[in-house]
Amino acid sequence: MPYNHQEIEKKWQDRWEASGIFHAHDGGEKQKFYCLIEFPYPSGAGLHIGHPRSYTALDVVARKRRHQGYNVLYPIGWDAFGLPTENYAIKHKRKPQEVTLENVATFRRQLQSLGFSFDWSREVNTTDPSYYKWTQWMFLQFFKAGLAYKSKQPINWCLSCKIGLANEEVVNGKCERCGGETEKRDKEQWMIAITKYAERLLEDLDGVDYLEKIKTQQRNWIGKSEGAEIDFVLNVPGQESGKQKVTVFTTRADTIFGATFLVISPEVAKQWIDVGWVAPASVREYVQEALSRAEMERAAEGKEKTGVDTQIVAIHPANGKAIPVWVADYVLGSYGTGAIMAVPQHDERDRAFAEQFRLPIADEPLAAVDEVVEKVGGKKTVKYKLRDWVFSRQRYWGEPIPLVWCEKHQWVAVPDEQLPVVLPEVEKYEPTDTGESPLAAMTDWVNTTCPTCGGPARRETDTMPNWAGSSWYFLRYIDAHNDQAFASRDKLKYWMPVDLYNGGNEHTTLHLLYSRFWNKFLFDQGHVPTSEPYARRHSHGLVLASDGIKMSKSKGNGVDPDEIITQYGADALRMYILFMGPFEEPVPWSLNGLIGVRRFLDKVERYVQAWVPSDHDGLSGAGLLERSLKKISDDIESFKFNTAVSAFMSLFNAIAVSHITREQLKKILVVLGPFAPHLANECWEKIGEGGLVEEQAWPEFDARLLVQDEIEIAVQVNGKARATIQISPNADEAAAKQLALAQEKVQKHLEGREIVQIIYVPGRILNIVIK
RNA sequence: GCCGCGGUGGCGGAAUUGGUAGACGCGCAGGACUCAAAAUCCUGUAUGGGCAACCAUGUGAGGGUUCGAUUCCCUCCCGCGGCACCA
């Protein structure tokens, strides 16, 4: 008979809640352990089957740490601002606030049904005014420090969402959210100067324990290049010669003798035209056309190069030759100086361009970088690919940006005591084609007075991106109900940094980078105690549909967690999702696999039901149980949850026919606790033990039992396994050799041959080399 | 194109510093129990040959190092993720 999971899971969840055992304490004798999962976006679709993968894994770690005597903080909350909720609200003519509360209630119920050991008393919600008050306050710190600035510049505009997107939110020229077309538009946007932190975001990666691939991806994204800026004097037709110059950026100053022409970006050409350059009509046309299209679009049109001769001539600073200056859109306005020296001999792109427009290609005697830079009066410099963060959205469901525009004083911060600037309820949530947020229509709200002079002023109507609230939520968990500060200094000092953070790979260059930056800024301002927020970062792979492709609503290949939990139980889901494959890899869902794990749990339950206390260890191999539990314990540390589960299965296969003592069974149940906490407690109670499994100490493993006095090693003849021998791992070669040569199977292969050599690795192998 | 990761039975996947390849689970086959089915239990299950003992082959392909290679090196093929005209 399968055990009644519905009954026992509810029972233990109620007991845990009543006991308050998962509440973290802000201080005390115990060592702290802050364990964090990326808080979910409470979508209307309910929990995705992939969520439990991350949450279960860290739940296992959190529970183990409690057993080990740590004061564990494992919190949960809701990243609830964002487009899907807003779109849903628009479609169903409902308030996003209400929809959010409903979705949160569903998520909360679902997460609780999985038995996670979250500290629910610290639950946060980014859309709660008491939360976003501090998001706004932090934005103002950026503003006051000069790191938040408004800038009119081409932004990525999604035609369907009617919203400006950050570069990170545009994938292959399409909107990351809806897949719709994007175009470039000039829009006044709030920007945050993350590029000022580029170097530190890069350098400090050396001091944190992240999976190497995460570090690599962040390094590539930041994209540091060391090079030099070199000036070229220009002769512009119709202007006094030698008056103008252009600065190019190059990482290969050593190739300067191969530079046969210069190329400027359309953006730079536009600036020159704006300050009075009378450019040929062909140039004007080209520039106008190029700038009307997004950079993405320009790049997407393939490697076919386009460009126009500007008729300007530059003087090569090293050899004095006159070389032409072209404008071409393969040079980016947003990187370096927007101008390059073209070295076709060396650079593939320059070569393609030179060949297409029949520009000269010169051999290049290479010179030392330092000499060149000095000789031509250049300047060594460093450039990054990282761009500043586009921080405003023209949508309703986000944190209002707490600034006011006054004609006299320009942008003025809303005073702290007036925070939060509460998101007003509006008639219509629909975004507008004018590019303004729906808040702009709320004239009563928009029109206000200037905090500085009391004169008439207007509120900023853009809202923040949903990366804002998630950039600091780990700080709020530390002191979730504080209304004097986002968190108290003492508590921050106690809990930070986060000891272990797990999340999705898709956030590596978004949330993970933003929140590192945000924390560093707060650190510089003296508000948080550590420069890096996360000491250790892991990531999990996707749970794919059973056909190996991504689960999606449109394909209808998803799995409903509620259904699985109702039918097979939370413990089965928890343990299966850990067992299904390596934690970091994407793995297809398999219902049969889950059923197999459930079978195992039933076996455990039956074993405990039938268990009769034994005063001796009846296991065939001494120390088998200790070694299994030690392996599981170690596997948790290295995130090898799949082999930890298989070790449980092997262990039960071994003890099924044996007697074990009460102490042994208790150890098993404690180690099982983090994986299948409901069943472990039920069994604990069944064998007459009091209290909760969670209150027990993690077992100590007897070092003597971990070492086997006799093991099986293979005997090879010429590298092929022919037999095995039972021998002490410390046995000397003579003993091993004697045993091996006595083996009939070995003798058979040695017959008539000469032994040339014997390789013996104690505890591993004995190889007889013959000829 | 560049960066990163990977390729192992019918399937998901195991395999210490190079040391018996295929743990564990799924699936499948046979058997027990049952009037029967489900559930459960037992046995088998890389491939080829053999009743079997056993023999040979085998971790994407080819080469190399080594007593010994899934593991290390070289060349190549394929898949996944990221970046993508970043000078």
Side-chain angles (χ1 to χ4, degrees), chain A residues 1-2 171-172 211-221 223-225 227 248-252 255 263 265 295-296 298-305 328-332 334-343 346-350 352-353 383-387 505-506 508-509 541-542 544 546 548 576 579-582 584-597 599-600 602-603 606 640 642-653 656 712-724 745 748 756-761 763-770:
Chain A
M1 269 288 282
V171 179
N172 295 328
L211 291 181
E212 208 47 47
K213 64 175 177 181
I214 296 175
K215 290 189 181 186
T216 305
Q217 211 184 316
Q218 287 209 347
R219 286 189 186 113
N220 290 344
W221 186 261
K224 180 178 183 175
S225 288
V248 305
F249 173 70
T250 178
T251 54
R252 296 296 307 272
T255 65
V263 187
S265 61
E295 235 171 50
M296 290 288 185
R298 272 153 49 179
E301 284 163 12
K303 302 284 178 207
E304 187 82 349
K305 302 252 182 309
D329 68 3
Y330 84 90
V331 174
L332 306 176
S334 53
Y335 181 77
T337 61
I340 62 155
M341 62 177 201
V343 185
H346 179 83
D347 186 284
E348 230 179 276
R349 299 153 301 180
D350 296 345
F353 192 77
K383 301 286 181 197
Y384 302 89
K385 289 189 203 173
L386 186 69
R387 307 292 157 84
N505 290 310
E506 71 275 20
T508 300
T509 56
L542 290 177
L544 303 170
S546 48
Y576 168 64
F579 181 61
M580 66 194 304
E584 278 135 48
E585 305 294 323
V587 190
W589 173 264
S590 158
L591 184 61
N592 277 330
L594 175 114
I595 291 171
V597 170
R599 273 205 278 269
F600 165 70
D602 282 325
K603 201 151 103 180
R606 280 199 307 272
K640 288 159 74 178
N642 53 334
T643 51
V645 175
S646 74
F648 267 120
M649 292 169 167
S650 297
L651 175 61
F652 271 89
N653 288 342
E712 186 185 75
I713 73 166
V715 179
Q716 300 182 332
V717 177
N718 277 355
K720 291 194 179 190
R722 297 299 181 185
T724 59
K745 288 174 187 172
K748 205 173 88 188
V756 184
Q757 195 189 354
I758 289 188
I759 315 278
Y760 173 58
V761 184
R764 296 253 189 271
I765 199 124
L766 188 138
N767 188 12
I768 303 167
V769 186
I770 58 172

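Note on naming: letters A, B, ... go to the chains in the order of the sequence lines (proteins, then strands), and numbering restarts at 1 for each one. These numbers come from a predicted model, not from an experiment.
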B/G25, OP1 or OP2 - any side-chain N/O from A/Asn653 closer than 4.0 Å? yes
Using a cut-off of 4.0 Å on non-hydrogen atoms, how would the nucleic acid contact of A/Lys383 be classed: base, sugar-phosphate, or nothing? nothing
Indicate, with a heavy-atom threshold strictly under 4.0 Å, whether A/Asn505 touches base, sugar-phosphate, or nothing. nothing
Is there a donor and acceptor pair closer than 3.5 Å between the side chain of A/Lys305 and the base of B/C85? yes
Output yes when at least one side-chain N/O atom of A/Arg722 is less than 4.0 Å from OP1 or OP2 of B/C55, else no. yes
Specify the residue among A/Glu712 and A/Val597 whose closest nucleotide of RNA chain B lies further upstream toward the 5′ end. A/Glu712
N or O in side chain of A/Tyr335 less than 4.0 angstrom from B/A87 OP1/OP2: yes
Touch check for A/Thr724, heavy atoms < 4.0 angstrom, all strands: base, sugar-phosphate only, or nothing? base
Note every stem involving RNA chain B: at least three consecutive Watson-Crick or G-U wobble pairs, i with j then i+1 with j-1, with both distances under 3.5 Å. B:1-7 with B:77-83, B:10-12 with B:24-26, B:27-32 with B:40-45, B:46-49 with B:54-57, B:60-64 with B:72-76
Whole-Å distance separating the CG atom of A/Asp347 from the P atom of B/C85: 13 Å
Using only side-chain N and O atoms of A/Arg599, determine if any of them is under 4.0 Å from OP1 or OP2 of B/A39. no
Going 5' to 3' through nucleotides 1-11 of chain B and flagging B where a protein heavy-atom sits under 4.0 Å of the base, S where only the sugar-phosphate is that close, and - otherwise, we get --SS-------
Looking at the side chain of A/Thr643, which of B/C24, B/A14, B/U20 is the nearest nucleotide? B/A14
Since syn is defined as within 90° of 0, does B/G49 count as syn or as anti? anti
Shorter than 3.5 Å, N or O on both sides, protein versus nucleotides 63-67 of chain B: list them out with atom names.
{"unit_1": "B/C67", "atom_1": "O2'", "unit_2": "A/Asn767", "atom_2": "ND2", "d": "3.3"}
{"unit_1": "B/C67", "atom_1": "O2", "unit_2": "A/Asn767", "atom_2": "ND2", "d": "2.6"}

Whole-Å distance separating the CG atom of A/Asp602 from the P atom of B/U40: 8 Å
Base, sugar-phosphate, or nothing: which does A/Gly596 touch, judged by heavy atoms less than 4.0 Å apart? sugar-phosphate
Identify whether any heavy atom of A/Arg606 sits under 4.0 Å from a base atom; if not, whether one sits that close to sugar-phosphate; answer base, sugar-phosphate or nothing. sugar-phosphate
Scan A/Lys215 against the nucleic acid and name what it touches under 4.0 Å (heavy atoms): base, sugar-phosphate only, or nothing. nothing
Below 30° counts as parallel, above 60° as perpendicular, anything between as tilted: where do the rings of A/Trp589 and A/Tyr576 land? perpendicular
By nearest atom, which of the nucleotides B/C85, B/C24, B/U20 is closest to the A/Ser646 side chain? B/C24
Quick note, A/Asn642 side chain, CB onward, closest among B/A14, B/U40, B/G12 is B/A14
Among B/U57, B/G82, B/G19, which is the nearest nucleotide to the side chain of A/Lys720? B/U57
At 4.0 Å (heavy atoms only), tell me whether A/Pro582 reaches a base, stays on the sugar-phosphate, or touches nothing. sugar-phosphate
note: A/Leu651, atom CG; B/G25, atom P; distance rounded to Å ~ 12 Å
Identify whether any heavy atom of A/Lys640 sits under 4.0 Å from a base atom; if not, whether one sits that close to sugar-phosphate; answer base, sugar-phosphate or nothing. sugar-phosphate
